[in-house]
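Taking it in order: structure first as structure tokens, then the write-up.
By convention in this document, chain letters (A, B, ...) are assigned in the order of the sequence lines, proteins followed by strands, and residues within each chain are numbered from 1. The model shown is predicted, which means the values in this text are computed figures rather than measured ones.
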There are 2 protein chains.
Amino acid sequence: MSKKPAETQKSAIPDDPELQAQRFGRVREAHQTETAEDYVELIADLIEAQGEARVVDLSSRFGVSHATVNKVIARLNREGLVSNRKYRSLFLTDEGRELAVRCKERHLIVFNFLRSIGVPEEIAEIDAEGVEHHVSEETLKIFQAYISKHKK
Amino acid sequence: MSKKPAETQKSAIPDDPELQAQRFGRVREAHQTETAEDYVELIADLIEAQGEARVVDLSSRFGVSHATVNKVIARLNREGLVSNRKYRSLFLTDEGRELAVRCKERHLIVFNFLRSIGVPEEIAEIDAEGVEHHVSEETLKIFQAYISKHKK
DNA sequence: CACAAATTTTAGCCATGGCAACAAATTTGA
DNA sequence: TCAAATTTGTTGCCATGGCTAAAATTTGTG
């Protein structure tokens, strides 16, 4: 009766399992790349700001042990995003550098968008850090348009 | 010269390490609870929609194997969010139910906010799934206010 | 230069959440 | 009823990203 053919019945009924599985799959994927993105982004920032990126810096800025940093770096190296030689400072590969640029852009858009709808600076910074990895290109474009329209 | 005393120099310089570590720490925390939140939310939805929540449903909707579901359920049980007996359908504890309610509210706010700034339905659904776990209470309030102001 | 301090690496531990394969219980239906 | 199908549970594997502790290397100072 009041049931539209194949429409989402909103509220509780989560609709088609496959669709939902795809969504969660996306989130899991995003999660996979989160660490990599955070690392290349910070490495790029450190190189720009201090001329080099060292394990200590990453460990203090991420708030994890240097052992953890080392493990992640080993993976990023394996995946061709970071190039490093023992006991020397860290570098990004071309691929890593490209990824860093994209991430930084995205981060900035999310941050600016949050600011422009009225989120206080420090909170926007925190939220952007978590949110940036989960925002689609489409949504990002909408954020960008909103910023442009409302700026100053 | 155009350098204000102790201000964030924007762009590349990531500012104080401790602050930054706190931010990443928050993201890690959020991540910790993500799985739990997704599970209780879906369990609640399934119970509402179909009268019960079974391992098969979770596995097909999350798109993971039932072995994985079982493992997570064991943890949630240990943590007092889910109550279950062997070979029977799953239930939420009071605590689990409360968490589910909070998550559902949050999910809906994020989803509606995205819709209200012009994100298409299916994309909003995907993005909300990933974003919801990383939005602070403050930002959520701002989302909510925006929705109210722009609704209809 | 030599040695102490700082940094980096390694090793070994843990929990989580993936998986496949197999085992057990329950439901179904002929 | 009872065999087959489905559902659930268990086991053992893997990778990731946490940790501490100890070893190795580099750095810097006296």
Side-chain angles (χ1 to χ4, degrees), chain A residues 17 21-43 46 50-91 129-130 133, chain B residues 17 21-43 46 50-91 129-130 133:
Chain A
Q22 276 177 28
R23 288 180 202 151
F24 284 113
R26 292 266 199 114
V27 179
R28 278 196 302 276
E29 258 177 58
H31 197 276
Q32 272 278 347
T33 57
E34 262 182 54
T35 308
E37 295 181 347
D38 286 341
Y39 272 70
V40 298
E41 199 176 336
L42 184 49
I43 290 172
L46 285 168
Q50 323 188 328
E52 63 174 2
R54 329 218 88 217
V55 174
V56 218
D57 301 322
L58 295 184
S59 123
S60 86
R61 295 194 119 91
F62 281 130
V64 302
S65 74
H66 50 271
T68 297
V69 171
N70 251 334
K71 237 187 237 181
V72 174
I73 292 297
R75 167 166 85 88
L76 300 185
N77 190 311
R78 208 162 61 231
E79 291 173 357
L81 293 170
V82 165
S83 86
N84 61 321
R85 279 152 33 217
K86 278 195 172 190
Y87 296 98
R88 299 302 174 71
S89 68
L90 309 167
F91 294 95
E129 203 63 71
H133 307 284
Chain B
Q22 277 176 28
R23 287 179 202 151
F24 285 113
R26 293 267 199 113
V27 179
R28 278 196 302 277
E29 258 178 56
H31 197 275
Q32 272 278 348
T33 56
E34 261 183 54
T35 307
E37 294 181 348
D38 286 341
Y39 271 71
V40 298
E41 198 176 338
L42 183 49
I43 290 173
L46 286 168
Q50 324 188 326
E52 62 174 3
R54 329 219 87 214
V55 172
V56 218
D57 301 322
L58 295 184
S59 126
S60 86
R61 296 193 119 91
F62 282 130
V64 302
S65 73
H66 65 276
T68 297
V69 171
N70 255 333
K71 237 188 238 181
V72 175
I73 292 297
R75 167 166 84 88
L76 300 184
N77 190 311
R78 207 164 61 231
E79 291 173 358
L81 294 170
V82 165
S83 86
N84 62 322
R85 280 152 32 216
K86 278 196 170 186
Y87 297 97
R88 300 301 174 71
S89 67
L90 309 166
F91 294 96
E129 203 62 71
H133 307 284

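Taking side-chain N and O atoms only, A:T68 has no distance below 4.0 Å to OP1 or OP2 of D:dG17. OP1 or OP2 of D:dG9 has not a single side-chain nitrogen or oxygen of B:R85 nearer than 4.0 Å. Distances shorter than 4.0 Å separate none of the side-chain N or O atoms of A:S65 from OP1 or OP2 on D:dG18. Between C:dT7 and A:R54, no contact under 4.0 Å exists linking OP1 or OP2 to a side-chain N or O. In terms of phosphate contacts, A:K86 brings a side-chain nitrogen or oxygen within less than 4.0 Å of OP1 or OP2 of C:dT10.
Without hydrogens or angle criteria, B:R26 side chain to A:G130 main chain gives no donor-acceptor distance under 3.5 Å.
When distances are taken from the side chain of B:T35 to each of D:dG17, D:dA21, C:dG17, the shortest belongs to C:dG17. Taking the side chain of B:N70 as heavy atoms from C-beta on, and the options D:dT10, C:dG18, D:dT16, the nearest nucleotide is D:dT10. Closest approach to the B:V64 side chain among D:dT16, D:dA21, C:dC19 is made by C:dC19 (side chain taken as heavy atoms from C-beta onward). Among C:dT8, D:dC19, D:dG12, the nucleotide with an atom closest to any side-chain atom of A:V55 is C:dT8. When distances are taken from the side chain of A:Y87 to each of D:dT11, D:dT25, D:dG9, the shortest belongs to D:dT25. Side-chain proximity of B:R28 to D:dT16, D:dT8, D:dG18: nearest is D:dG18.
Residue-level contact check: B:R88 touches neither bases nor backbone, having no heavy atom under 4.0 Å from any strand.
In terms of position along DNA chain C, the nucleotide closest to A:N84 lies nearer the 5' end than the nucleotide closest to the other residue of the pair B:E79 and A:N84. Residues A:L90 and A:K71 both approach DNA chain C. Their nearest nucleotides, taken by heavy-atom distance, put A:L90 toward the 5′ side. DNA chain D is contacted by both A:Q32 and A:A67; A:Q32 maps to the nucleotide lying nearer its 5′ end (nearest heavy atom per residue).
Looking only at side-chain heavy atoms (C-beta outward), B:E37 and B:H133 come within less than 4.5 Å of each other.
Atom CD in B:E34 sits roughly 11 Å away from atom P in C:dG18 (whole-Å rounding). The CG atom of B:L76 sits 10 Å away from the P atom of C:dT16 (whole-angstrom rounding). In this structure, the CZ atom of A:F91 is 12 Å from the P atom of C:dT8, given to the nearest Å. Put simply, CD on A:E29 is 18 Å from P on C:dG17, counting in whole angstrom units. We find that CG of B:D57 is positioned 15 Å from P of D:dT6, with the value rounded to whole Å. In this structure, the CG atom of B:D38 is 13 Å from the C1' atom of C:dG17, given to the nearest Å.
One N or O donor and one acceptor, one from the side chain of A:H66 and one from the base of C:dT9, sit under 3.5 Å apart.
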For this session: Take A:V55 and A:I73 through the side chain to side chain contact (heavy atoms under 4.5 Å, CB included) test and state the conclusion after the steps.
Result: CA-CA 9 Å; A:V55 174; A:I73 292 297; 5.5 Å; no
